Number of protein chains: 2
Amino acid sequence: MAIFSKTCEYAIRAVLYIAHKSTLGIKVGIKDIAAGIDSPELYLAKILQDLSRKGLINSVKGPNGGFYISDTSLARPLSDIVEAVDGNALFTGCALGLKQCSAVNPCPLHNQFKAIRDQIYQVLNVNTIGTFNEELVNGILSLKK
Amino acid sequence: MAIFSKTCEYAIRAVLYIAHKSTLGIKVGIKDIAAGIDSPELYLAKILQDLSRKGLINSVKGPNGGFYISDTSLARPLSDIVEAVDGNALFTGCALGLKQCSAVNPCPLHNQFKAIRDQIYQVLNVNTIGTFNEELVNGILSLKK
DNA sequence: TGAACAAAAGATAAAAATGTCTTTTAATAA
DNA sequence: TTATTAAAAGACATTTTTATCTTTTGTTCA
């Protein structure tokens with residue numbers, strides 16, 4: 001299994017793609033985004049609808065319409081995307097799936113995975129949606145392949 | 001999403017349960033294990049069949065039969081269970097699902113998640129199946145609830 | 001206004017993960 | 001050697017995830 005669901009992988013890649021275009025002042029259509037991150041177009045449309053409803057990204061319909069990201073959203077951490085799509089199980093759940101796992105009733109991996117979960121959260125919380133724009137413009141970073 | 005699949009959560013909990021009973025010289029039946037780790041009995045049976053085929057655990061049929069774990073298997077790392085059930089995507093895969101993500105063609109999260117993947121692998125590799133037996137006997141650690 | 005465009009929404013489909021049921025095989029003990 | 005026990009195996013069912021198709025809504029521009 002991967003760390004994130006496929007849906008969440010698409011979501012993060014798409015949001016970073018939109019962010020990168022937004023800093024260039026460009027609104028992007030779903031077709032463009034799907035091609036830019038190599039994802040199924042119609043499935044991605046559903047995901048972006050959801051993110052749009054949740055206020056993480058913006059969209060306008062019609063000619064010259066498309067998706068974009070506001071400056072305030074550019075400053076939001078990646079953990080917001082993950083939480084919106086996959087929930088917070090990755091940050092708070094027990095590695096072995098126990099409902100009542102905690103410091104006083106720990107599963108065998110409780111302490112060691114607490115550290116891992118914290119590190120995952122930290123990485124996703126420190127990095128904002130806009131963090132990678134420059135390197136995306138430079139082509140140093142990849143969102144497809 | 002959780003770190004491990006539900007199947008893998010059950011697998012780890014079951015193997016640790018069997019290990020703990022094995023050090024007490026007891027073979028355990030599927031019913032006992034399912035109750036001991038609070039999992040669906042028939043689904044767990046499938047999982048254990050698979051682990052048995054792969055040599056991670058042992059079983060004998062018939063009266064006084066059941067599952068047990070050899071001393072050599074007790075020394076195997078938890079990562080062996082995870083690899084057998086969930087594969088190695090967690091240890092080696094790209095966080096954003098890119099097939100060709102690497103140091104020379106990195107996704108935005110490549111470096112930071114490399115550290116996370118390594119830490120996950122390390123925790124699962126350092127801890128063996130037998131590591132927790134004493135605390136399981138003492139009741140300090142939980143495998144259910 | 002109305003024609004064209006593009007996202008939103010709703011319905012449906014396919015695939016994968018999770019869970020259950022039934023029959024078979026192998027071991028034990030009477 | 002036969003009855004009983006318990007895992008193995010195979011088939012089936014359900015749920016969730018992933019993916020697609022169609023219709024609707026809202027926007028722009030001629």
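Nothing here was measured: the structure is a model prediction, and the numbers come from that model. We name chains A, B, ... by the order of the sequence lines, and we start the count at 1 in each one.
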Judged by nearest nucleotide, the residue sitting upstream toward the 5' end of DNA chain D, P63(B) or K46(B), is P63(B)
Checking all strands, does V85(B) fall into the base, sugar-phosphate, or nothing category for heavy-atom contacts under 4.0 angstrom? nothing
Would you indicate what I30(B) reaches in the nucleic acid, counting non-hydrogen atoms under 4.0 angstrom: base, sugar-phosphate, or nothing? sugar-phosphate
Donor-acceptor pair present, K61(A) side chain and dT25(D) base, under 3.5 Å: yes
Any donor-acceptor N/O pair under 3.5 Å between dA7(D) base and Q49(B) side chain: no
Segment of DNA chain C, first to last nucleotide, that comes within the 4.0 Å heavy-atom reach of chain B: dT18(C) to dA29(C)
Would you say [X] reaches [N]'s phosphate, i.e. side-chain N/O to OP1/OP2 under 4.0 Å?
X: S59(B); N: dA8(D); answer: yes
X: N64(A); N: dC29(D); answer: yes
X: S52(B); N: dA7(D); answer: no
X: Y10(A); N: dA19(D); answer: yes

Between Y121(B) and N88(B), a side-chain donor and acceptor under 3.5 Å: no
Going by atom types only, do Y43(B) and T7(B) share a side-chain donor-acceptor pair under 3.5 Å? yes
Please report, rounded to the nearest Å, how far the [atom2] atom of [N] is from the [atom1] atom of [X].
X: L48(B); N: dA8(D); atom1: CG; atom2: P; answer: 8 Å
X: D32(B); N: dA7(D); atom1: CG; atom2: P; answer: 10 Å
X: K31(B); N: dT5(D); atom1: NZ; atom2: P; answer: 11 Å

More than 12 heavy atoms of other groups within 6.0 Å of Q119(B) CD: yes
Is it the case that over 12 heavy atoms from other parts of the model lie below 6.0 angstrom from the NZ atom of K144(B)? yes
If every non-hydrogen atom of A75(B) is compared with every non-hydrogen atom of T128(B), which pair is closest and at what distance? O-CG2, 3.4 Å
salt_bridge(K54(B), D50(B)) N-O dist < 4.0 Å: yes
So how far is it from L42(B) CG to I47(B) CD1, rounded to the nearest 0.5 Å? 11.0 Å
